[in-house]
Structures are given as structure tokens and as C-alpha cells.
**Q** 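There's a structure below that I have some questions on.
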Amino acid sequence: MPTPRVRFAPSPTGYLHVGGARTALFNWLFAKHTGGTFVLRIEDTDKERSTDAHTQVILDGMTWLGITWDEGPHFQGTYGDRHRADAERLLAAGHAYKDFVTPDELDAARARARKLGATFRYRRAEMELPTDEQARRISSGMPYAIRFAVPDEEIAWDDAVHGRISWQGRDLDDFIILRSDGSAIYNMAVVSDDIAMAITHVIRGDDHISNTPKQVALYRALGVAPPVFAHVPMILGRDGKKLSKRHGATAVGDYQDMGIMPAAMRNFLALLGWSPGDNDEIVPEADMIARFSLEAIQKKAAVIDTTKLEWMNGQYLSRLSADELLAPVVRQLGVLGVDAGTRDLRPVIDAVKARARTVTHIAEQVAARIDASHVKPDEKGAVLIAKLGTSYSNNLLLAFNATGRIAAADWNATTIEATLRALADSSSLKLGDVMQPIRVALTGGTVSEPVPELLVVVGREESLGRMRRAAEGSTGY
RNA sequence: GCCGCUAUCGUCUAGAGGCCCAGGACACAGCCCUCUCAAGGCUGGAACACGGGUUCGAAUCCCGUUAGCGGUACCA
């Protein structure tokens, strides 16, 4: 087998959709696994809807995800001459014909068929105008489209994920390959490009299955062996319907904004429709590449479950070092409007990352620790304060006095913990009775890293200040 | 309507005739650990769409039904 060449060919008519991202990922994984080449081709032939901004968003999304391309981006719009030449080659060889039927006449024919309850199918024999009428239209300079004459024969291929898929030529329309303005239609452009770019494996979404018989027919007529096709299943929303805006996040940029890490996103997307074959869930990139195969891809569409994505992201977050997390956290901090100044955030990140499921969540906690104005009192914190009543401030005061005696140089988790445990023992309080008020005083809530670590991260002066203010009831929480 | 694809726990999946009265993960419930939470450990409930075949034996093969999805453009 020659070295594989695959392509990802998005249309820049919208954002990079998660379904597209996964298709790109499968192409990338396959290329990496086989040592092949990943070609990026932007299919911008729909001039109405394509924009440079969309192209940039797609490129950015892939870059963020870590899906790198080896060649391109090619822009399909620049290959119009070749598309046209291929279509005309088909015409010259008798595989295609000129179609003078106007769109209006076509609509009428379709409407007639519908009225009769019949299935409309564009057939040369039925639609072709009499020769004298054709001649008249040619001489009057009327524009014409070029249609491909679909042969009445079986058109089948061995799909790498579905196995054999078979169509009958008679079920297909004689489809247009060149518009009357001389530009190629999708199927023609794709086949022309895939041949020119020597694509060996076309890995694309299931929604293209119905285009494939047309493309296979084009390959045959052009005398070129078709590539291997692999149609990967679609990604559906919670309700089993096609993923759309009303399902929430659909663009990869949305996930970045949610605080998902690229590696987690890749892992999650890969396991949506593909399985390494055993019970592994967290699959490192190198393993993924080594174990990837088209045959192991699921045939069935998958419903996206963002809860599992967040769980997976949490797994990555707790494994990633503070160094690796620093840049994404700073980015999110910026979104939250927090300026960390010159402060080294890494110890803070280390303290909170184990409990976080998203980078956003980390950033919020970091913000609350480095700046009291970002403390967000929550429901459970308020409930605890109410439940404790006067002992809330009493215990806080005890803790304030005890920890206040720790010298700045000794302000570390070990010493603080020993001090607080001693306090609990001597005052016959449960450890939780001294720890929880501190937690609420410092974070506004009942959940955080262990209290001694929290005190270290927030810092001695700031911690004592927050405790004192809370004990005096002057903070409002 | 027609053509095509698909069908295992709520969700993602393992399973390619006996290893499966179906395994893992997320979610959910309980317990352990514990200053809280998360993580981790343990336990529990939870699925082979339906009906026919083939076979000594079927989640796995075949046929049908049903359902979902995709397509049916001078869109991509």
C-alpha cells in the first residue's frame, strides 16, 4: 500500500463543529498511525456563504485541538480550471452531456411527478430536448449545464467502517457536474481535487454516504481507481437529533471557552465512536495513534454527553502540572477580569486543580484566593453560618488567635495543621468545627482544598484578615 | 414517497457462534477514607428494539417488522 494521503475538507460556512472536529481527528489519527500525510483543504466554492473569518476560526480550532496538517490549506476555489477541465473531459468521452433544460422547466417536471405521486428522477432519455430545440437554444446563446450520465449498473464500494455498501445507478439522478456559469458542483470538485491531490483514503461524515456512489461513478468514468472510503458516524444532541445550536455548545471554540483542555477534548472525541478495544478511558495520544484503526470505528451515531467530557477534563486537569495549566488559567482569568500581576500562580493552581473539572473552575478558585473581592459566598456557606450561630464567630476567633501566633516564617501547612488540631483538642471542639468556619471565611463556601493548604495559598496576612472580618461579621458572609 | 445507513444499560462503549443469565466508563444510590469537596476503593440498580429462521448452541449469521438518522438541489 502506498503511503496514505488523507484530507479534511471543511466548508468555511460556519464554525468548526464538534462533528467536523472529530472527523478531522480521525483523519489525523489515521495519518499518524500509518505515517501518512494529512492534507487540509478548504472547500470554499460556495461563495455566498464562505468567509475568510470562518476559515480562520476553523484553522484556530484545529490548532487549539492539536490537530496539525502536513499539507495545505489548499483552497478549492483556486482549482476551478481543473474542475472544469475534468468535467469537459467527461463530456468529450460521452460520460456527460449538455443540458439545456432551464431551472424553471425542471421545477415544473418535478412538480408534475409529485402530483402523480411518482418519484422524480432526472434521466437523459426522458428530459433531453429534441435535437432541433437544442440547436435553437445553442444558437440563441442559451447557457447550459453539464450533467453526468449515471450508468445503469451497480455502484458499490467496501467502506472501511460499514463494509460493503451498494447502490443501483438507476436510483440516482443524472446529476449536474458543471453549472451553467461554468463552475463545478460539489461532487465534481471533490473528485477532481481528491484525484489531483492523490488522496488514498476519504474519511468523512456519514452524511456523505449518499454522495459516494456519485463520486465512485465519476472515478470510473474518469478511469481512476477510487480511494478507500470510510464514513464515520454523526454526533447527535441529547435528544438524539442532529446537533444544533439549541443543544448548547457545538463549536470547538465553545468548549475552549468552557475551560476544556485540548487533550481531554481529543480523548473524549476519539472515544465517541471509536474504542481502543479494551476498558481504557484515558488514552494518551501516543497510545491512541498506535491503536487507531478505521475498522474499530462504530457504525452508529453517538449522542454527545458533556458530563462525561467534564469528568474526563477533570481527570486531565488533575494530571497536568501547574506549569502546563498556567497559560490556559491566565487566559480564563482574563475572561473573568482578574489581573494576577506578577504573582506566581502555580502553587495556587496546584492547590485547587484536583477539585476542578474545567479550567474556568480553576480560574474562579484562583481568583478567590488571590483577591478577596472575587470570593463568591454560596448557599452552603450561608447555611453553615446559620447552623453554627454564634459558634461561627467564636470558633473563628479562636482560630484567628491560634494561627495568628504562627510566625510568618513558619506559615506552612504542617505547622498550621498541628496548630489547628491542638486548638481543637484543647477546646474540645471537633476538628470540623474549627476547619469549616475558616473555609467559609476564606472562600465563602464549604468546599476547598484542605484548610491548612488553603491558608498557605491565601497567605498569612490575607488569611488572618479574612478570618477577622468574618468573625466580626463585617464581610457580609 | 423513494434510496441508503443504523439498532447492547439514561449516555459512551466491550462483545466478530459457546469464555456473556452480557464486561468497562459517565451519571445515579449506598458504604469506606476524611476538616469539606474532589480523587481513590468497595457495593447496588440499569441494556442485547421486536418477530421469524439457521445452528447442538446467537447479542453475535440470515430474513422481515418497527424506530431513528442521512440523502433525494445548477448547496457543500
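A, B, ... follow the sequence lines: proteins, then strands. Residue 1 opens every chain.
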**Q** One character per nucleotide, please: for nucleotides 4-15 of chain B, 5' to 3', B when the base has a protein heavy atom closer than 4.0 Å, S when only the sugar-phosphate does, - otherwise.
**A** SSSSS--SBSS-
**Q** Summarise how protein sits on nucleotides 31-38 of chain B as a single string, 5' to 3': B when a protein heavy atom is under 4.0 Å from the base, S for sugar-phosphate-only contact, - for no contact.
**A** ----BBBS
**Q** Please name all residues satisfying side-chain hydrogen bond (donor to acceptor under 3.5 Å, both in side chains) with A/Y144, sequence neighbours left out, ordered by chain then number.
**A**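 By the side-chain hydrogen bond (donor to acceptor under 3.5 Å, both in side chains) rule, A/Y144 matches no residue at all.
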**Q** Distance-only criterion, 3.5 Å: show the donor-acceptor pairs between side-chain atoms of residues 145-155 of chain A and protein atoms not counting sequence neighbours.
**A**
unit_1	atom_1	unit_2	atom_2	d
A/R147	NE	A/D99	OD2	2.7
A/R147	NE	A/Y122	OH	3.4
A/R147	NH1	A/D174	O	2.6
A/R147	NH2	A/D99	OD2	3.4
A/D152	OD1	A/R170	NE	3.4
A/E153	OE2	A/R220	NH1	2.9
A/E154	OE2	A/S166	OG	2.7

**Q** Whom does B/G68 pair with, Watson-Crick or G-U wobble, provided both distances fall under 3.5 Å?
**A**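 Pairing partner: B/C5.
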**Q** So, using side-chain hydrogen bond (donor to acceptor under 3.5 Å, both in side chains) as the criterion, who are the partners of A/R22 when residues are at least two apart?
**A** none
**Q** Output all residues satisfying salt bridge (Lys or Arg N to Asp or Glu O under 4.0 Å) with A/R7, sequence neighbours left out; order by chain, then residue number.
**A**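 Salt bridge (Lys or Arg N to Asp or Glu O under 4.0 Å) check on A/R7 returns A/D194.
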**Q** For B/A25, what is the paired nucleotide under Watson-Crick or G-U wobble rules, both distances under 3.5 Å?
**A**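 In the structure as shown, B/A25 has B/U11 as its Watson-Crick or wobble partner.
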**Q** With sequence neighbours excluded, tell me which residues meet side-chain hydrogen bond (donor to acceptor under 3.5 Å, both in side chains) with A/Q298.
**A**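 A/Q298 satisfies side-chain hydrogen bond (donor to acceptor under 3.5 Å, both in side chains) with no residue once adjacent residues are dropped.
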**Q** Using the test side-chain contact (heavy atoms from CB on, under 4.5 Å), find all partners of A/Q436 that sit at least two apart in sequence or belong to another chain.
**A** A/L384, A/R439, A/T446
**Q** Using the test side-chain contact (heavy atoms from CB on, under 4.5 Å), find all partners of A/T419 that sit at least two apart in sequence or belong to another chain.
**A** A/A402, A/I406, A/T415
**Q** Encode nucleotides 71-76 of chain B as B, S and - characters from 5' to 3', where the letter depends on protein heavy atoms closer than 4.0 Å: B to the base, S only to sugar-phosphate, - to neither.
**A** S-SBBB
**Q** Identify, with sequence neighbours excluded, every residue that meets side-chain contact (heavy atoms from CB on, under 4.5 Å) alongside A/H54.
**A** A/P12, A/Y15, A/T51
**Q** Among all residues two or more places apart in sequence or in another chain, which pass the side-chain hydrogen bond (donor to acceptor under 3.5 Å, both in side chains) test with A/E417?
**A**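 Here the qualifying residues are A/R421.
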